Asks: 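Have a look at the structure that comes next, please.
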There are 2 protein chains.
Amino acid sequence: MPTNTQILLDHRPTGKVSPANFRIVETPVPAPGPGQVLVRHTFLSLDPYMRGRLSDAKSYAKPQEVGAVMQGEAVGVVEASNNASFKPGETVLGRGGWQRYAVSDGRDLRVVDAKAIPIQAYLGPLGMPGFTAWYGLNKIIAPKAGETVVVSAATGAVGSVVGQLAKIAGARAVGIAGGKEKCAYAVRELGYDACVDHKSPRFAEELKDALPGGADGLFENVGGEPFQQAMRRLNNFARVAICGLIASYEGAPTALPDMRIFLVKRIKVEGFIQSDHLDLRPQAINELAGLAIAKKLICCMARTSARC
Amino acid sequence: MPTNTQILLDHRPTGKVSPANFRIVETPVPAPGPGQVLVRHTFLSLDPYMRGRLSDAKSYAKPQEVGAVMQGEAVGVVEASNNASFKPGETVLGRGGWQRYAVSDGRDLRVVDAKAIPIQAYLGPLGMPGFTAWYGLNKIIAPKAGETVVVSAATGAVGSVVGQLAKIAGARAVGIAGGKEKCAYAVRELGYDACVDHKSPRFAEELKDALPGGADGLFENVGGEPFQQAMRRLNNFARVAICGLIASYEGAPTALPDMRIFLVKRIKVEGFIQSDHLDLRPQAINELAGLAIAKKLICCMARTSARC
């Protein structure tokens, strides 16, 4: 009899998260009840937003419960089903969390095409991160051909899609990432025109050099000092999509030292969360899947999802 | 023979502006050349944006020239005309600046109705300040009925129109102004539901008390500490129109201490300048004039313009 491997939140982190905040337990595989589906996960998702959920500070979503299985999206195969909408053997995307097996009433499950597209892509470019990238780029930044878009965490699950979509829109894409290796990957694999290493002691100058015509859009995933430097490079009428401020999740808040830039440059800054815009998700995922099938979008990256 | 009284910028201020920065001179009244119009000003405008123009720091507009007549809008009567579009006796709005008489080629002049509406209103609610209010409120904040809008410099040329338009849109309007007298005026004359004195030592608590349901919109004219307190009162999906940061023009920059609010509350902040949107000005002025004639908008306030 196979057992279920589950990763629970043991206690909330203060500052940096470590493996000690979690606990791995082995439990019996649950049996699906009436109307329920048993899913065997093949890929789970590990996303930056989860850091926020580990805290019980007031936010837009309920915090992760202590002692419970870590929440999150996962893809897997239907093992057994008492629900007419799902058949054993079908590949499904759901919110089963960090465990080998999950039972669902089916409301969170969606059957996905496992032939044309590698299934882990549904956790990345064709999933929540891809939709996040699509929304922030198209609905907030809305780049025109010839404009320049800066993307922080340029090689992450969201940033990697933003950069590719910006290029497809005819914009120049400049990434910010941590380390030479990530920057090389951003340019070589993802097609960024340039990528600047925020760990470089000359970061501010290097970013300026990479933006000879300034920036018209900034897709911000990180915050902190690199964000402040990128704000200094914005052109008139620039649009800034605040998608994440991961640098602030465990450390000091990200400040904007002078609001005058909003006025002098007529800048728009907008924070967003993809789950407020789920009505647009089918359109976005259709577009992204079309690009993936046409080989215009890299849709399976090691960085996007961890193998169970 | 009448003389022209002109107010020139003598030298740029550092910090607070004083009368010593200006110089009053008497010169001969100019004679209009071919195609030109001579206007005798009856009202001139003194606006917060002018503080920015006194500086030669890089901005969206050219700085005011030292030794030249102070730039600005003015209304007056055509005294003599060599331009077929303007007849002596007509009332015109123009950009003749701080002087009794101005000569124009007519390109900046617009004949205005001096019967239905007091002419100084064309420098205030039905002029640039009114259009500024209309644009920021309707195009950035876009309040829905039942929402709450906070307006700083609530009794100023722009703020006084914002508050009235917010009420007309069915929103709750809460002003911020400096001093009890201005606050009383805001509620009694302009129709604000409440107004909080930013000079009060209990300002932060009083603002909180005036916003039991938080704020969905913030029309910011000032910056500084009151702005930071207002940002703390914003609800999810709030919109902030940055129209002016007068507190920063002569003093310390206005900072935003923590960008996380953008994300957690999905806030939009947008800086704007009315002159980028002049295509919408005729529509706005028509609407504002309609409201003024219908007695729904106070259109002539002492605060709005100084008598020449």
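Just so we're clear, the structure is a prediction, and the values are computed from it rather than from any experiment. Numbers restart at 1 for each chain; the letters A, B, ... are given by sequence-line order, proteins then strands.
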Asks: What do you reckon, is NZ of Lys265(B) surrounded by more than 12 foreign heavy atoms closer than 6.0 Å?
Replies: yes

Asks: Can you confirm whether more than 12 heavy atoms, excluding those of Gln283(B), are under 6.0 Å from its CD atom?
Replies: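 Atom CD in Gln283(B) is crowded, with more than 12 foreign heavy atoms closer than 6.0 Å.
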
Asks: Out of Ile261(B), Ile242(B), Val240(B), Ile140(B), return the one with the most heavy atom pairs under 4.5 angstrom to chain A.
Replies: Ile242(B)

Asks: Please look at Ile267(B) and chain A and tell me whether the side chain, the backbone, both or neither of the residue comes under 4.5 angstrom of a heavy atom of that chain.
Replies: backbone

Asks: So which heavy atom on Pro253(B) is nearest to which on Arg260(A), and how close?
Replies: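 So the two residues come closest at CB-NH2, 3.8 Å.
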
Asks: With a strict 4.5 Å heavy-atom criterion, list every residue of residues 269-282 of chain A that contacts chain B, or say none.
Replies: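 Near chain B, by residue number: Val269(A), Glu270(A), Gly271(A), Phe272(A), Ile273(A), Asp276(A).
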
Asks: Checking an interface table here. Which of residues 223-238 of chain B come within a heavy-atom distance under 4.5 Å of chain A?
Replies: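 The residues closer than 4.5 Å to chain A, in numerical order, are Phe227(B), Phe237(B).
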
